[in-house]
Amino acid sequence: MELRLLRLPLVRFFETSFGRVHDRFFVLVTVEGDGATGVGECVADSNPFYSQETTRTAWHIITEFIAPTVLGRDFSHPRDLYPALGIIRGHNMAKAAVEMAFWDMFARSESQPLCRVLGGSDALIRTGIASGVSIGIQNSLEELAERVAVELEAGYRRIKIKVKPGWDIAAVETVRARFGRVPLMVDANAAYRLDEAPALAALDRFELMMIEQPLDYDDLRDHVRLQQQIRTPICLDESLHTVKIAEEAIETGACRIINIKPGRVGGHRESIRMHDMAASRGIPVWHGGMLESGIGRAHNIHLSTLPNFTLPGDVAASRRYYAPDLIDPEIEVRGDGTIAVPTGPGIGVTIVQDRIEAATEERVELRPTH
Ligand code: OSB
Ligand code: MG
């Protein structure tokens, strides 16, 4: 296993309710075995604002705990990796980075595209996945309208705008006034409290597809109460770390839609389980994004081919994030708002090693000790 610490500048800053970022600082995992290699990208950020994990905690957990548990061990299938890490509580982003590298390696050793190994639907593999965009908080409403215009022009199937108290009603109103009934949703990244329910109920008249994670990152109870006071469906992101919590959220009415990010739930296996559980309860899911490079993005595209990913995801073109991306050709969105599923073995994209080297700040190789 090789770990690299990479820093990549974003094409444009990205701002959420917890702040503005200008680059991504992340761990890239490469695993080798069975005559094949696989790569996984850790979505933990340099700060613990979206979740408790950071780039450095992921590095620590992988080197000290995950690598010694998995290296040199026989696994007949990548689905067996996550359960083998059960003694490690949490740290799903660290686990996911290794687990996803393992899936890529497995798919390559079987000479299959990852989507086939994950159980993607023939229809989505053929047509490509529906792509949406997540637009951060901007300096002004005019700037927001410009961003939305550019993305609609590119063909994206759904617009998501980040909101927080003070950047919500006017932002949504601006988009509706300029662009009419385009598929629109908002993401608060836990910026509100239950006593602000009236402000959120005021969004009902805009017929949003959903409001994502309005309340605390670790809450279900207040979301249940909020959903009883607003018509807009609640979608949960931060609150759902395990399939069991997601089940509880559905059963109690804390959400009507689920955002799946493999990093947040511990990798592809747990994402598939969450997807299947939601499908069996008639709850639609969509694929979230974490500003991934083309490597993590490719993993996300393959996972998005599972049949209950019925809503457009936050999986967009490379050029919105990195120029150049770490892969060539980069990921592009087509005029109809879809992204083609790479057809080669594994994640099916070509990594440009020079760009990896240029972005690397630290590197370590880990080997079996037994
Ligand atoms: O809440 O979905 C989120 C980015 C970083 C952290 C959290 C989130 C996001 C996004 C961006 O919304 C999605 C993307 O374009 O990758
Ligand atoms: Mg979100």
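In each ligand, atom 1 is the first atom listed, and ligand 1 is the first ligand listed. For the single chain, residues carry numbers from 1 onward in sequence order. Hydrogens, waters and symmetry mates are skipped; everything else that's a heavy atom, side chains included, is used.
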Query raised in the report: Looking at Tyr322, does the NZ or CZ of Arg297 lie under 6.0 angstrom from its six-membered ring centre and within 45 degrees of the ring axis?
Result: no
Report task. Could you name the protein residues that come within less than 4.0 Å of ligand 1, counting only heavy atoms, and order them by chain and residue number? Result -> Phe14, Tyr50, Ser134, Lys160, Lys162, Asp187, Asn189, Glu212, Asp237, Lys261, Gly289, Met290, Leu291, Asp314, Tyr321
Query raised in the report: Can you tell me if an N/O/S atom from Asp314 lies under 2.8 Å from the Mg ion (ligand 2)?
Result: no
Report task. Pick out which of Leu326, Ile347, Val349 makes a side chain to side chain contact (heavy atoms under 4.5 Å, CB included) with Val39. Result -> Ile347
Query raised in the report: If you take all heavy atoms of Glu41 and Ser293, which pair is closest and at what distance?
Result: OE1-OG, 2.6 Å
Query raised in the report: Which distance, rounded to the nearest 0.5 Å, do you find between the CD1 of Ile250 and the CD1 of Ile258?
Result: 4.0 Å
Query raised in the report: Is Arg273 paired with Glu247 through a side-chain N to carboxylate O contact shorter than 4.0 Å?
Result: no
Report task. Please find the N/O/S atom of Asp237 nearest to the Mg ion (ligand 2) and write down its name. Result -> OD2
Query raised in the report: What do you reckon, are the aromatic ring centroids of His275 and Trp286 less than 6.0 Å apart?
Result: no
Query raised in the report: Quick one: do Glu207 and Arg176 make a salt bridge, cutoff under 4.0 Å?
Result: no
Report summary line: Here the N/O/S atom of Asp187 closest to the Mg ion (ligand 2) would be OD2
Query raised in the report: Got more than 12 heavy atoms from elsewhere within 6.0 Å of CZ, Arg79?
Result: no
Requested in this report: Kindly give the atom name of the N, O or S atom of Glu212 closest to the Mg ion (ligand 2).
Outcome: OE2
Query raised in the report: the Mg ion (ligand 2) to Glu238: any N/O/S contact under 2.8 Å?
Result: no
